[in-house]
Amino acid sequence: MDAQSYNAALADLRGVRDEIKKARAALTKLEADRNKRITQLALSDRAKAERIAPAAGLSVADVVALAPALAPAELATSDSAPPQAPPTPLAPPQLPPHPEPQPDNTPAAGSAEPSSPVGAPPPPPPHTANEEPSLPGIPEGAAGDDWFTHTTGLASTRPNFTQQARSTVFLDTVTGVLVHRSQTHHLDLGAASAADILTAVFHTIPEGVERIYITAGDPWHRDADRHPYLRDAVAAWLNASIPGWRTDTGRGKDRMAGHFVHARNPVGRYQRDNADQHVEIRSVGEWFDLDGDAPHTVRDAFVLLWQALRRHWNDAVIMGSPSQTGRDLWTRTIPTRGQYADGFPVLSEELRGLLHATAGQGRNELITSPRVPEQLPQLVEYDRTFAYAKHTWKSPVGPPRRITAATFSSWSQKEQMRALYGCGHWHVRVTVPDAWNHVGLLPAPAPGDRAWHYPAAPGTTFTTWAGGPEIHTALANPIQPWKIEILDGILWEDGKPLDDWAKKLKETWTNLTAQAHFQGDPQQARAAHLASRAVRSILLYGIGAFAQRPRMVTGTTPRALERDVPADAEIIGFDNDLITWQKPTGFSRDPNAHPEWAAAIWSGARTALLTQRHREDDTYAGALHTAPGTVVAFRTDALYVTQPQNWPYHHQPGDYLLRGHLNGPLTAPATEEQLLSLRDAGRTTLTATQEA
C-alpha cells in the first residue's frame, strides 16, 4: 500500500469512526426518549409493567427498574420484609491430613486444636479469597431436612411404547445435494433460508419428511454480519416468516415445543398450517464433527449406528439428538424386577436446584505465566478416550441422607473415608497447603463470567461443593494433603442404574471403532468412524441430559398481539411483523431428571484428569503425575503438558491417548483461541509424523 492509498484509508476509517459516534449518540437519545415515555406511562392508573415491557422492547424487570411503582405487589411486599437472622454456623471438624493412620501427637478427627476451646469454630484461615462468589447451601434444621425427599409421583420408569422412527434426509446447503434413503437429489436452495429449504425439500419429496439434517453450510449464519451476536443471527433465521408454516407446538411422547436457539447447532421445529405435518431442521454437528464429508457418508454413518445399536436394543430408534437418543435407550434398560422395578424416583426440586448450582461439568482451565514458562519447550496433548464411559459403573441411588458437620465429626476415620469413597456431594472449606506448587485440585466459584476456577496459590482458603472422588484426592494426593473441613453433605447408597446402559454403549463403540480400523472401503471406514463418534455423543450428552438444566424457551408473537407476550419474557428482537422473546421455564416435571448421576460422573472425570490408576500396568496417569509447572491447560477430558508422558494406552475408555505434539520453543498461550490454534497445529504435526 503506497502513501496515497494509506492516507485515503485513514480518512475512510475516520469517517467510519464519526458515523459510529453519530449512531451511538442517536441511540442514546432514543433510549432516553423511551425511558422518559415509560416513566410518563407509569403515572397512569392503568399502567402495568407487563403491558409496557413488550411495547418498549424491554423485560418486565427493566421496566420496573425505570418505574419502581410498577413492581408487582407481592414483590414489593417481599422486598420490604425484614431479613431473617442468619443460621448459627456449625463448627466443622477438620479431617486428618491424609487417609493413613495419624501419629499419636496429632489431634483425632473432630477434636479441637490444642489452643482452641473444645467445640469452637476453627481459627480464621491465613488467606481468604474474599472475591469469590458464594454458593448456595442447605438451610439449617427442619427447613433443610425437608429437601431430602423425592418428588411425589415422579420417577424414571421403563416405557411401555415403541419409539417411532422419523423419515430423515441429509442436506448439504452449499452444494444443494440431498440424500433421501438411497436416492440423491440436487436442489436449488436460493438464499438457503428456512423457507427456501422447506419449499425445496417438500417439492422434491412430496410425501414429506420429518427431519432434515444439515451436513454443511450452516445456513443460519448467512446474515451473521448484520447482528451483534451469532445467536441473534440464528434466532432471526429460525423465526423468519414462512408462508404455510408456523412454529411447531410439539406432539407425541417426545414432545419438544418451539425452536431451540443455539449459536452452532440450532433446531428449527415447524408445523404446516391446518395440517398435522411436522418437520425439524437440525445440524448434524450435534452428533459428530465433519471434515468435508458428503451427505452420503453421513447417511451411511447413521445406518451403521442404528444397526450397531439394534444388536443391544431390539427397539432402538435414532432420535433427533444424541441426548434424546441416550435417555430413551437408558429408559429401556430400567429393570423390570428387583428394587427399582417401579422406577428410579426423582429428587426434590430443591436438591435438584442445589446440584444444578453447585455441580460443575468438565474442567476447562488455561494456566498462564508465571505458573508456566513464557516459552514452552513443546506442547503435548493427551485426550482421555471415551472418558465419561469410565465413570458410569457406580451412581447414587435411594433416598438422599443429609450429613451435617456434627454427624461427620462423630464418625470414625474409617467411616469418614468410606463416606468419601461413596456417592456423595459435599459442602467443604478448603485450604491450599503453604508449600503447594502444582495445579489446583478442587473447583471454586469464579468471579466474572467463568463458572469455576481451581485455586492453587499456597494458603488460599475457599468454600465450595465437590464430589467424593475430588475430596478424597485432595486428602490423599501423591504430593501433599490439603486441609478439608466438612460443612455439610448429601450421601446416597451406591448403585448401578447406568451400568447396563453404559456397557452396551461401550460395546457398540468398540464394534464401530474396529469396523473403522479394519474396513477396506475408505467411505465405509469413515462412516464407521463417524458412527463411533456418535456413540460417544449419545453417552456424553445423555449424561448431560440427566442434569436437567433449567430451559430457556424462545418464542415469537405478532406485533399486533404484543399484549400476548408472556409477562416474564425478555424481548430479544423485533421487526415489522414479529416480536421475538425468551423466558426461563425452570425445572419441569421431568421423570428422567437425575442431576445426582451427572454430578457423580463429572466429579469422577475431573478427578481422573488429576490422577488415575492403571491396575494392569501398576502405574498412574494424570496431571499430578507430571512435574510442577508443566501443565498448560485442561479441556474437559484433555490435558496439555510441556513434556511427553509414558502413560499406558490400551484403547480402553478413560485411557490417555496422545493426540498432538508440537515442538518448541513456543510462546505460551494466553487465550483459549491461542491454545486451540496450537492444539490444531500439534494434531496436524503428529498425524504427519505418524504417516511418514
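Quick note: residue numbers are just sequence positions, from 1.
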Please report the shortest heavy-atom distance between [X] and [Y], naming the atom on each side.
{"X": "V284", "Y": "T215", "answer": "CG1-CA, 3.9 Å"}
{"X": "I214", "Y": "P219", "answer": "CG2-CD, 3.8 Å"}
{"X": "A466", "Y": "I471", "answer": "CB-CD1, 3.8 Å"}
{"X": "A456", "Y": "R371", "answer": "CB-NH2, 3.6 Å"}

Kindly confirm or rule out a cation-pi arrangement of R363 over Y454, judged by NZ or CZ under 6.0 Å from the six-membered ring centre and within 45° of its axis?
yes

Are the ring centres of W602 and W597 closer than 6.0 Å?
no

Backbone of [Y] reached by a side-chain donor or acceptor of [X] within 3.5 Å:
{"X": "R429", "Y": "T461", "result": "no"}
{"X": "T460", "Y": "A457", "result": "yes"}
{"X": "T325", "Y": "S321", "result": "yes"}
{"X": "H259", "Y": "L238", "result": "yes"}
{"X": "R683", "Y": "L678", "result": "no"}
{"X": "D223", "Y": "R226", "result": "no"}

Hey, could you give me the [atom1]/[atom2] distance between [X] and [Y], rounded to the nearest 0.5 Å?
{"X": "W501", "Y": "T392", "atom1": "CH2", "atom2": "OG1", "answer": "7.5 Å"}
{"X": "S677", "Y": "L662", "atom1": "OG", "atom2": "CG", "answer": "9.5 Å"}
{"X": "W426", "Y": "L442", "atom1": "CH2", "atom2": "CG", "answer": "14.0 Å"}
{"X": "W330", "Y": "L498", "atom1": "CH2", "atom2": "CG", "answer": "7.0 Å"}
{"X": "L441", "Y": "L624", "atom1": "CG", "atom2": "CG", "answer": "5.5 Å"}
{"X": "S323", "Y": "L539", "atom1": "OG", "atom2": "CG", "answer": "12.0 Å"}

More than 12 heavy atoms of other residues, nucleotides or ligands under 6.0 Å from [atom1] of [X]: is that the case?
{"X": "Y620", "atom1": "OH", "value": "no"}
{"X": "Q375", "atom1": "CD", "value": "yes"}
{"X": "D521", "atom1": "CG", "value": "yes"}
{"X": "K503", "atom1": "NZ", "value": "no"}
{"X": "D291", "atom1": "CG", "value": "no"}

Is a salt bridge present between [X] and [Y], judged by a nitrogen-to-oxygen distance below 4.0 Å?
{"X": "D293", "Y": "R526", "value": "yes"}
{"X": "E286", "Y": "R282", "value": "yes"}
{"X": "R635", "Y": "E672", "value": "yes"}
{"X": "R384", "Y": "D637", "value": "no"}

Give me the one residue out of L639, T626, L658 that meets side-chain contact (heavy atoms from CB on, under 4.5 Å) with Q645.
T626

From the list L530, I318, N265, side-chain contact (heavy atoms from CB on, under 4.5 Å) with W287 holds only for I318

When you check the side-chain N and O atoms of [X] and [Y], is any donor under 3.5 Å from an acceptor?
{"X": "Y649", "Y": "T385", "value": "yes"}
{"X": "Q515", "Y": "N511", "value": "yes"}
{"X": "E596", "Y": "H594", "value": "yes"}
{"X": "E470", "Y": "T473", "value": "no"}
{"X": "N477", "Y": "H438", "value": "no"}
{"X": "Q378", "Y": "H661", "value": "yes"}

Should Y640 and F634 be marked as a ring pair (Phe, Tyr, Trp, His ring centres under 6.0 Å) after you check the CA-CA gap, both sets of side-chain angles, and the distance that decides it?
CA-CA 6 Å; Y640 298 81; F634 300 87; 9.2 Å; no

With side chain to side chain contact (heavy atoms under 4.5 Å, CB included) as the criterion, how do T173 and R222 come out once you've worked through the C-alpha distance, each side chain's angles and the decisive distance to 0.1 Å?
CA-CA 11 Å; T173 61; R222 293 293 173 90; 4.0 Å; yes

How are the rings of H472 and Y421 set to each other: parallel, tilted or perpendicular (split at 30° and 60°)?
tilted

